[in-house]
Amino acid sequence: MVDTATGKANARAATAERTQLLSTLHIKQITANLTEELRHLVLWPDKPLDYVRLDDDKYGHHFGAFVSSRDSPVAVISIFFEPVPSSVINGCTASTGNGTSARFRKFACHPQFQGRGIGTRLLRYATSYCSSAGATVLWCDARLSSSEWYEKRGLIQFGSTFFKDKVEYTRMKMVLQDSDSEAEGSCDH
């Protein structure tokens, strides 16, 4: 059993490490091919590399999160400006209103860097990017096993669950701006 003093010292060390890591984090736009290795490792390691490539990658806006100790991204996300699929929620039609919507896909954080705030920071960056580009809604197809993580960052589920291969998914969205262009969505990580 770890004594209280040792436990507190370990917690302080972990907090210091996380703070240091996030202080050196750099997010920048990258090419689609720089997302593939991480997409494959995290999302579909049992599939061939081609499985994580999207036909629409050439139209996407791809971002990577980098730390000073690595040349390759430790987290990636791809943004596509496309409409939210219409769904029925509690008898009401889900709608994006008159604004533009953005979809993020292939969001992945290297397992060695998960739980350190990098994914949340990258999602927050993507949210800001989409809002600045005029999107009023940000949405994704999220693995059901990750939906709680997204909910903590301001996304809500809509529509029915579905499967891709043998993995259960749900659709999630976040309102970025209301009709007066004021931000309503938020992320914290």
Side-chain angles (χ1 to χ4, degrees), residues 21-22 25-85 87 96 100-131 133 135 137-174 176 187 189:
L21 185 68
L22 289 177
L25 188 69
H26 175 68
I27 298 171
K28 65 180 182 178
Q29 195 158 8
I30 59 176
T31 59
N33 65 315
L34 289 177
T35 69
E36 293 172 357
E37 183 180 333
L38 207 48
R39 286 177 176 181
H40 186 250
L41 173 72
V42 175
L43 302 174
W44 298 102
D46 58 331
K47 301 286 185 187
L49 185 62
D50 280 349
Y51 195 80
V52 300
R53 292 182 180 126
L54 301 171
D55 290 338
D56 290 341
D57 269 339
K58 61 186 167 231
Y59 305 115
H61 305 254
H62 311 280
F63 297 92
F66 294 81
V67 295
S68 60
S69 61
R70 295 177 65 114
D71 293 331
S72 58
V74 297
V76 296
I77 193 168
S78 298
I79 305 292
F80 301 87
F81 289 91
E82 59 184 71
V84 177
S87 299
T96 63
T100 300
S101 60
R103 178 184 188 187
F104 67 91
R105 301 186 69 184
K106 306 299 183 191
F107 182 25
C109 185
H110 193 287
Q112 292 178 340
F113 291 90
Q114 291 178 6
R116 298 182 185 192
I118 295 170
T120 299
R121 183 79 58 92
L122 182 56
L123 182 59
R124 187 185 306 149
Y125 185 94
T127 300
S128 177
Y129 178 84
C130 293
S131 182
V137 173
L138 179 64
W139 69 281
C140 71
D141 291 344
R143 290 175 183 215
L144 193 59
S145 61
S146 299
S147 62
E148 187 176 312
W149 188 90
Y150 288 111
E151 287 171 347
K152 288 179 181 178
R153 284 141 189 92
L155 283 87
I156 59 169
Q157 292 186 37
F158 71 100
S160 302
T161 61
F162 57 96
F163 286 85
K164 291 183 184 180
D165 206 64
K166 296 179 182 177
V167 179
E168 191 170 14
Y169 282 77
T170 185
R171 290 213 160 105
M172 302 192 78
K173 69 178 179 176
M174 171 191 290
L176 301 177
C187 295
H189 182 338

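Position 1 is the first residue of the sequence; numbering continues from there.
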> According to the salt bridge (Lys or Arg N to Asp or Glu O under 4.0 Å) rule, which pairs have a member within residues 154-165, sequence neighbours left out?
Replying inline: K47-D165, D141-K164
> Considering all heavy atoms of both residues, which atom of L38 and which atom of P73 are nearest to each other, and what is their separation?
Replying inline: CD2-O, 3.6 Å
>> Could you go through R124 and R153, starting from their C-alpha distance and side-chain angles, then the distance that decides it, and tell me whether this counts as side-chain contact (heavy atoms from CB on, under 4.5 Å)?
In response: CA-CA 9 Å; R124 187 185 306 149; R153 284 141 189 92; over 6 Å; no
> Given the rule in the side-chain contact (heavy atoms from CB on, under 4.5 Å) test, do Y51 and L43 qualify, once you have shown the distances and angles that lead to the verdict?
Replying inline: CA-CA 10 Å; Y51 195 80; L43 302 174; over 6 Å; no
> Going through the distances and angles, do L123 and W149 end up as a side-chain contact (heavy atoms from CB on, under 4.5 Å)?
Replying inline: CA-CA 11 Å; L123 182 59; W149 188 90; 4.0 Å; yes
>> Within the 4.5 Å heavy-atom criterion, are L25 and Y125 side-chain neighbours or not?
In response: no
>> K28: which residues meet the side chain to side chain donor-acceptor pair (under 3.5 Å) condition with it, sequence neighbours left out?
In response: none
> What is the minimum heavy-atom distance between F80 and D56, and which atoms define it?
Replying inline: CE2-O, 3.1 Å
> For E82, what residues pass the side chain to side chain donor-acceptor pair (under 3.5 Å) criterion, not counting sequence neighbours?
Replying inline: R103
> Can you tell if the side chain of H110 reaches within under 4.5 Å of the side chain of I118, non-hydrogen atoms only?
Replying inline: no
>> Checking R53 now: which residues fulfil side chain to side chain donor-acceptor pair (under 3.5 Å) with it, not counting sequence neighbours?
In response: E36, D50
>> Taking ring-ring contact (aromatic ring centres under 6.0 Å, His included) as the definition, give me every residue that meets it alongside H61, ordered by chain and number, with sequence neighbours left out.
In response: F81, Y129
> Is there a side-chain contact between L155 and K173, using heavy atoms and a 4.5 Å cut-off?
Replying inline: no
> Checking S147 side chain against L144 main chain: does a donor-acceptor pair fall under 3.5 Å?
Replying inline: yes
> Mind checking whether K106 and W44 have side chains closer than 4.5 Å, heavy atoms only?
Replying inline: yes
> Which pair of non-hydrogen atoms, one from P85 and one from W139, has the smallest distance, and what is that distance?
Replying inline: CD-CH2, 3.5 Å
> How many angstroms lie between CZ in R143 and CD in E168, if you round to the nearest 0.5 Å?
Replying inline: 12.0 Å
>> Testing the basics here: between A102 and C130, what is the closest heavy-atom pair and its distance to 0.1 Å?
In response: CB-SG, 3.6 Å
> Quick one: CD on E151 to CD1 on I156, what's the gap to the nearest 0.5 Å?
Replying inline: 9.5 Å
>> With heavy-atom distances below 4.5 Å as the criterion, would you say the side chains of E37 and S72 are in contact?
In response: no
> For the residue pair I79 and A126, what are the closest heavy atoms and their distance?
Replying inline: CD1-CB, 3.8 Å
> Between Y169 and F162, what is the ring plane arrangement, given parallel below 30°, perpendicular above 60°, and tilted in between?
Replying inline: parallel
> Quick one: side chain to side chain donor-acceptor pair (under 3.5 Å) partners of R39, sequence neighbours excluded?
Replying inline: T35, D57, S78
>> Just so I know, are the side chains of R121 and I27 near enough to count as touching, which here means a heavy-atom distance under 4.5 Å?
In response: yes
> Do L41 and P111 touch side chain to side chain, with heavy atoms closer than 4.5 Å?
Replying inline: yes
> Atom CG in L138, atom OG1 in T100: separation rounded to 0.5 Å?
Replying inline: 12.5 Å
>> Could you go through L176 and V137, starting from their C-alpha distance and side-chain angles, then the distance that decides it, and tell me whether this counts as side-chain contact (heavy atoms from CB on, under 4.5 Å)?
In response: CA-CA 5 Å; L176 301 177; V137 173; 5.8 Å; no
> Which heavy atom of D71 sits nearest a heavy atom of F66, and at what distance?
Replying inline: O-CE2, 3.4 Å
